[in-house]
Amino acid sequence: MTAEPGSAGVAVRGQAPLRASTLWHLVWLGMLLFQPLYDDRNRPLQWAVALAVVVVFLPIYVLAHRGPGPVRRWALVTTTVLGVLAAPVNSGASVLFVYAAAFAGSGRTRRVARWWLAGLTALVVVLVLLSSIPMPWRLWAFAPSLVLVWVVGLVTIEEIEEGRANRIHNARVEHLATLSERERISRDLHDLLGQTLTGIVVRSQLAQRLARTDAEAGIAEMAEVEQAARAALTEVRATVSGWRQVDLDDELAVSRSALTAAGVTLEVTREPGLVLTPSAETALGLALREGVTNVVRHADARHCTVTLHRVGGRVVLEVADDGVGGETPDGNGLTGMRERIAALGGEVQRRARGGTALTVTVPAAVAT
C-alpha cells in the first residue's frame, strides 16, 4: 500500500495497467473482517458494511491507479468520506484512511499532502473517541490505521518527490548533452572545412582574375577548386559516418548507467569471441539504445536483461524487462530501428507479455 498508489511511474503515464504488486495491497481490506468475527453486537450490520466497503472501494482503487492526478484527488475525497461513514459501524474501515493517505501523497503537493495526513489523523482520533468498542480493544482496532496514515503518506510523498527530482535531473542531463554535442559538431565542422573552404574561395578569386588574361590558367585553377571541393565532400561524408558509428561496449556502459539511475538492474550475457562488422555493430548498438530508452521511460521495470549471441546463421540481440508491458504502436525510434535492421536483411520483433522483450536479428554474414 505504501508505494503503489503514488508511484512515480503511475503519476506520469496515468494509464499504466495494474500490476500484481498493486493489487496485493488490497489485502489490507482484510481488516474489515476483524470486528464482525470478534464482536457479536450488530454482526449482520457489520458484515453488510464490510461488503459495501469492498464493493464501493475496489472501483475507486482501480481508477486511482489508472487515472491522472485529478482522478486520484477525487479518489482521495471519496475514500475519506467512505471511511467516515463506515468506520463507526465497522472499525476495520479505518484502513480506508491509510489508502487515502497514499492517494494524498501521490496526488497532492508536499504541503497539501501533509495537511491531509493531519486531517486524516484527526478523523481517526475522533472515531476512537466516539467508538462503542470497549477498551483496550478500541485501541487495537484503530491504532494501526493511526500509525500507518503517517508511515504510508510520508513514504509516498518522498517517492513522488524523488521521481520528480529524477525527471528534472534527466532533463538537465539531456539538455547539457545536446549542447555538448552541438558544440562538438560545430568544432569538428570548423576544423574540417575551415581551411578547405578558405582555399576554395582564394582559388576561385584567382580563377576569376586569370580568366580575363590567361584562360588556360583560369581553367587549371578551377580544376583545382573542383578537386578541393570533392576532397571536402569526401571528408564530410567520412566525418558524418564516424559520428554515426556506434561502439556496442560503449552503449552497454551507457545503458547500465541509465538503468541504474532509473532503479533498474542490468544483466548482460554476451557470447565470447563474437565479432561484429561496423555496420552491424552500429545497427545493434542503436537498437540497444532504443530498447533501453523504452525500458527507462515506459516499462516501470526493476530488472532488465541484454543478451547477444549467435543462433544458427543469425546474430540475435534481445533486450527484455519485467515491467508493465503493453501493446502500443511503434514510435519513431522503433520505426527507424526496423528500417535500419531491414537494410541489413534482419528483423525486429517485440513481445509485450509479462514485461517487454525486444528481439533484433541480423544475418551472421553481415555481422561477422
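Count residues from 1 along the sequence.
For the atom pair CG (Leu96) and OG1 (Thr79), the distance works out to 6.5 Å, reported to the nearest 0.5 Å. With values rounded to the nearest 0.5 angstrom, Thr307 atom OG1 is found 6.5 Å from His309 atom NE2. Atom CH2 in Trp150 sits 8.0 Å away from atom CZ in Arg114 (nearest 0.5 Å). Taking CH2 from Trp74 and OG1 from Thr78, the interatomic distance works out to 4.5 Å, rounded to the nearest 0.5 Å. Here the CD-CD distance, from Glu290 to Glu251, works out to 11.5 Å after rounding to the nearest 0.5 Å. Interatomic distance, CD1 of Ile157 versus CG of Leu117, reported as 5.0 Å (0.5 Å rounding).
In this structure, the ring pair (Phe, Tyr, Trp, His ring centres under 6.0 Å) partners of Phe57, at least two apart in sequence or on a different chain, are Tyr61, Tyr99. In this view, Thr265 and His303 satisfy the side chain to side chain contact (heavy atoms under 4.5 Å, CB included) rule, not counting sequence neighbours. Looking at residues two or more places apart in sequence or on another chain, you find a side chain to side chain contact (heavy atoms under 4.5 Å, CB included) between Leu266 and Arg256, Leu259, Val268, Cys304, Val306. Listed by chain and residue number, Arg314, Val316, Glu347, Thr359 satisfy the side chain to side chain contact (heavy atoms under 4.5 Å, CB included) test with Thr361 (two or more places apart in sequence, or in another chain). Residues forming a side chain to side chain contact (heavy atoms under 4.5 Å, CB included) with Ala207 (at least two apart in sequence, or on another chain): Glu221, Met222.
Heavy-atom minimum distance, Ala100 versus Thr80: CB-OG1, 3.6 Å. Residues Ser255 and Val292 share a closest heavy-atom pair of OG-CG2, 3.6 Å. Ala301 and Asp321 get closest at one heavy-atom pair: CB-CB, 3.8 Å. The shortest heavy-atom contact between Ser94 and Ser145 is OG-OG, 3.0 Å. A pairwise comparison of heavy atoms in Ala113 and Ala104 identifies CB-O, 3.5 Å as the closest pair. In terms of heavy atoms, Ala102 sits closest to Val152 at CB-CG1, 3.7 Å.
In the hydrophobic clustering of this structure, Val89 does not group with Leu51; members are Ile, Leu, Val, Met, Phe, Trp, Tyr whose side-chain heavy atoms approach within less than 4.5 Å, directly or through other members. Cluster membership for Leu129 and Val84, using ILVMFWY side-chain heavy atoms within less than 4.5 angstrom, is shared. Taking hydrophobic clusters as Ile, Leu, Val, Met, Phe, Trp and Tyr residues chained together by side-chain heavy-atom distances below 4.5 Å, Ile219 does not share a cluster with Leu210.
Between Ile60 and Val56 there is a side-chain heavy-atom pair separated by less than 4.5 Å. The side-chain heavy atoms of Val264 and Val296, taken from C-beta on, include no pair separated by under 4.5 Å. Contact of the Leu120 side chain with the Val124 side chain is not registered, since no non-hydrogen atoms from C-beta on lie closer than 4.5 Å. Between Leu148 and Phe97 there is no side-chain heavy-atom pair separated by less than 4.5 Å. Counting heavy atoms from C-beta outward, Leu334 and Leu358 have side chains that approach closer than 4.5 Å. Side-chain contact between Arg350 and Val348 is absent, with no heavy-atom pair separated by less than 4.5 Å.
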**OP:** Test Asn90 against Val53 for side chain to side chain contact (heavy atoms under 4.5 Å, CB included), laying out the working first.
**Re:** CA-CA 10 Å; Asn90 186 325; Val53 167; over 6 Å; no
**OP:** Could you give me the CA-CA distance, side-chain angles and deciding distance for Asp250 and Arg289, then say whether salt bridge (charged side-chain N to carboxylate O under 4.0 Å, His left out) is met?
**Re:** CA-CA 10 Å; Asp250 290 342; Arg289 182 187 302 177; over 6 Å; no
Original post:
Run the side chain to side chain contact (heavy atoms under 4.5 Å, CB included) check on Thr277 and Thr282 step by step: do they pass?
Top reply: CA-CA 8 Å; Thr277 63; Thr282 296; over 6 Å; no
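Although no hydrogens or angles enter the test, the distance criterion places no donor-acceptor pair under 3.5 Å between the side chain of Asp322 and the main chain of Gly355. Between the side chain of Glu267 and the main chain of Thr305, no donor-acceptor pair closer than 3.5 Å is present. Proximity of a side-chain donor or acceptor of Arg351 to a complementary backbone N or O of Ala357 within less than 3.5 Å is not detected.
When each of Leu252, Leu274, Val360, Val319 is checked for a side-chain contact (heavy atoms from CB on, under 4.5 Å) with Leu308, only Leu274 meets the rule.
Salt-bridge check for Asp214 with Arg209: failed, with every basic side-chain N at 4.0 Å or more from each acidic carboxylate O.
In the hydrophobic clustering, where aliphatic and aromatic side chains (Ile, Leu, Val, Met, Phe, Trp, Tyr) are joined below 4.5 Å either directly or transitively, Trp115 stands alone.
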